[in-house]
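Data first, discussion second: the structure below is written as structure tokens.
Each ligand, and each atom within it, is numbered from 1 in the order the structure gives. Just so you know, residue 1 is the first one in the sequence shown, and it goes up from there. Hydrogens, waters and symmetry mates are skipped; everything else that's a heavy atom, side chains included, is used. Note that the structure is a prediction, hence the values are computed from the model and not measured.
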Amino acid sequence: MIVLLVLLILKRGTVSASWSVTFDDPNPCAVKGSSVEFRCSYDYPDGEIVRKTFWSKGQSESGQWTRVKLEDLPSHQNRSKYLGDLQHNCSLAIHDLQVNDTGHYYFWFDTQKYGRHSRENVYLSVTEPSARVYPGTVRVGDTVTLECTTSCQFASTVWFKDRRLIANPKFQAQVEDSGNYACAVKGQESVLSDPVALEVQYPPLNVSVEASSLGRLSVNSSVTLTCNSAANPAADNYTWYSSAVSGVGSMLQVGSGQVLYIPSMEAQHAGLYICQARNRLGDKNSTEVLLTVDETNVKRLILLVGIGAKVTIVLLLTLVIIWAW
Ligand SMILES: *[C@@H]1O[C@H](CO)[C@@H](O)[C@H](O)[C@H]1NC(C)=O
Ligand SMILES: *[C@@H]1O[C@H](CO)[C@@H](O)[C@H](O)[C@H]1NC(C)=O
Ligand SMILES: *[C@@H]1O[C@H](CO)[C@@H](O)[C@H](O)[C@H]1NC(C)=O
Ligand SMILES: *[C@@H]1O[C@H](CO)[C@@H](O)[C@H](O)[C@H]1NC(C)=O
Ligand SMILES: *[C@@H]1O[C@H](CO)[C@@H](O)[C@H](O)[C@H]1NC(C)=O
Ligand SMILES: *[C@@H]1O[C@H](CO)[C@@H](O)[C@H](O)[C@H]1NC(C)=O
Ligand SMILES: *[C@@H]1O[C@H](CO)[C@@H](O)[C@H](O)[C@H]1NC(C)=O
């Protein structure tokens with residue numbers, strides 16, 4: 001056995017090589033606009049001298065299958081570059097790939113005795129990855145599937161959301177998954193597919209009340225309460241509840257619409273306020289907001305009126321006493 005192996009190795013080393021052309025990757029996949037390099041080596045018996053090399057592309061011309069030299073193809077003139085030599089390297093580069101560059105490519109070389117071409121060929125696939133998202137509009141928790149298609153047989157693909165790599169092309173939609181997705185052929189991530197959009201719908205979240213003025217509100221001042229929320233689709237139905245009119249405990253509806261306007265604060269307006277934001281997927285209440293009315297002005301008035309009355313009474317009494325005298 002070992003003797004046989006040694007003999008084989010010796011044979012390879014001593015006996016002149018046969019005609020062959022070998023490609024590193026006979027089925028390369030490249031994306032449109034990128035470049036590809038066919039790594040290629042060729043061999044021939046000792047004593048042959050290579051005079052000329054060229055690459056050709058298999059083409060169907062008026063129903064006939066022919067091989068056209070790349071140098072004779074106008075569309076290849078500035079894009080194909082021979083990287084090989086007249087010894088054993090037959091590598092070829094093609095730049096700015098177009099989808100119609102897809103096809104069979106053959107390496108030929110002429111020696112002083114024979115012209116030869118490779119029976120084996122490179123089949124180049126030029127693809128534009130194409131992204132789809134199923135379904136395009138979902139509710140929180142629904143399953144989303146991303147699908148990337150290429151015309152390459154052996155290519156694997158990767159996904160990006162807003163330019164960041166995502167691990168799994170099938171997932172349960174969360175609020176933050178809304179956005180644009182694009183895919184690429186693995187190893188050629190610089191060329192992305194056209195983006196596809198995913199819209200995740202959800203009931204109102206983060207509902208809050210914004211008051212035009214905070215702290216103690218003076219009597220007769222106006223106040224505006226605005227209900228803010230994150231929702232998709234946007235909340236379109238708002239209900240305001242307050243404990244002010246009903247007293248502590250239960251809350252009563254006091255208005256609707258995104259804005260609650262109280263033109264003139266009175267003591268009975270003081271209390272807790274909440275808003276309920278609603279879209280067709282559901283509703284959510286805000287946290288409570290407390291409105292208080294500054295009644296010191298009112299009290300001062302009453303106090304002043306009181307003092308005035310007392311002074312008047314004292315004066316009147318004094319006058320009555322003087323008169324009685
Ligand atoms: C190739 O490039 C040369 C010089 O840049 C230009 O003059 C020529 O038109 C180009 N040919 C093709 C087919 O694009
Ligand atoms: C052939 O030449 C190219 C370009 O110079 C080089 O990248 C490649 O490694 C060479 N291939 C072989 C098999 O020597
Ligand atoms: C290949 O496609 C490109 C761009 O779409 C076009 O300019 C070119 O003429 C096409 N070449 C052939 C041989 O059809
Ligand atoms: C809700 O608020 C939290 C905390 O502020 C924030 O991280 C989240 O993005 C908000 N949600 C939406 C849908 O805006
Ligand atoms: C509030 O308005 C009413 C009616 O306009 C008025 O009688 C009252 O004096 C005002 N109170 C204060 C504290 O301004
Ligand atoms: C708002 O929602 C309530 C409760 O579902 C409903 O009764 C009311 O008709 C809705 N209003 C609008 C304007 O859609
Ligand atoms: C929101 O508040 C109203 C009034 O207190 C109440 O009837 C309702 O059940 C609350 N909704 C939720 C989702 O808590």
Any protein heavy-atom neighbour for [atom] (distance below 4.0 angstrom)?
atom                    : answer
atom 14 (O) of ligand 3 : yes
atom 7 (O) of ligand 3  : no
atom 4 (C) of ligand 4  : no

Side chain to side chain contact (heavy atoms under 4.5 Å, CB included) between T143 and K170, worked out: CA-CA 7 Å; T143 301; K170 189 169 182 177; 3.8 Å; yes
Nitrogen or oxygen of N285 less than 3.5 angstrom from that of ligand 7: yes
Atoms of ligand 7, numbered as shown, that sit under 4.0 Å from any heavy atom of I274: 2 (O)
Residues W240 and S256: side-chain donor-acceptor under 3.5 angstrom: no
Pair T127-T150, side-chain donor/acceptor within less than 3.5 Å: no
Single-linkage hydrophobic cluster Y114~W108, side-chain heavy atoms < 4.5 angstrom: no
side-chain contact (heavy atoms from CB on, under 4.5 Å) partner of C183, chosen from P129, P195, S130: P129
L70: which of F54, Y105, Y106 passes side-chain contact (heavy atoms from CB on, under 4.5 Å): Y105
Hey, which atoms in ligand 4 end up nearer than 4.0 Å to a heavy atom of [X]?
X    : result
A230 : 12 (C), 13 (C), 14 (O)
V175 : 13 (C)
Y202 : 13 (C)

Parallel, tilted or perpendicular: rings of W65 and H104 (30°, 60°): perpendicular
Ring geometry between F107 and Y82 (parallel below 30°, tilted from 30 to 60°, perpendicular above 60°): parallel
Protein contact of atom 1 (C) of ligand 4 - nearest heavy atom, named by residue and atom, plus distance: N206 ND2, 1.4 Å
Q98-ligand 3 polar pair, N/O distance under 3.5 Å: no
Proximal candidate to atom 11 (N) of ligand 3 [heavy atom criterion; set V126, N100, V99, L73]: N100
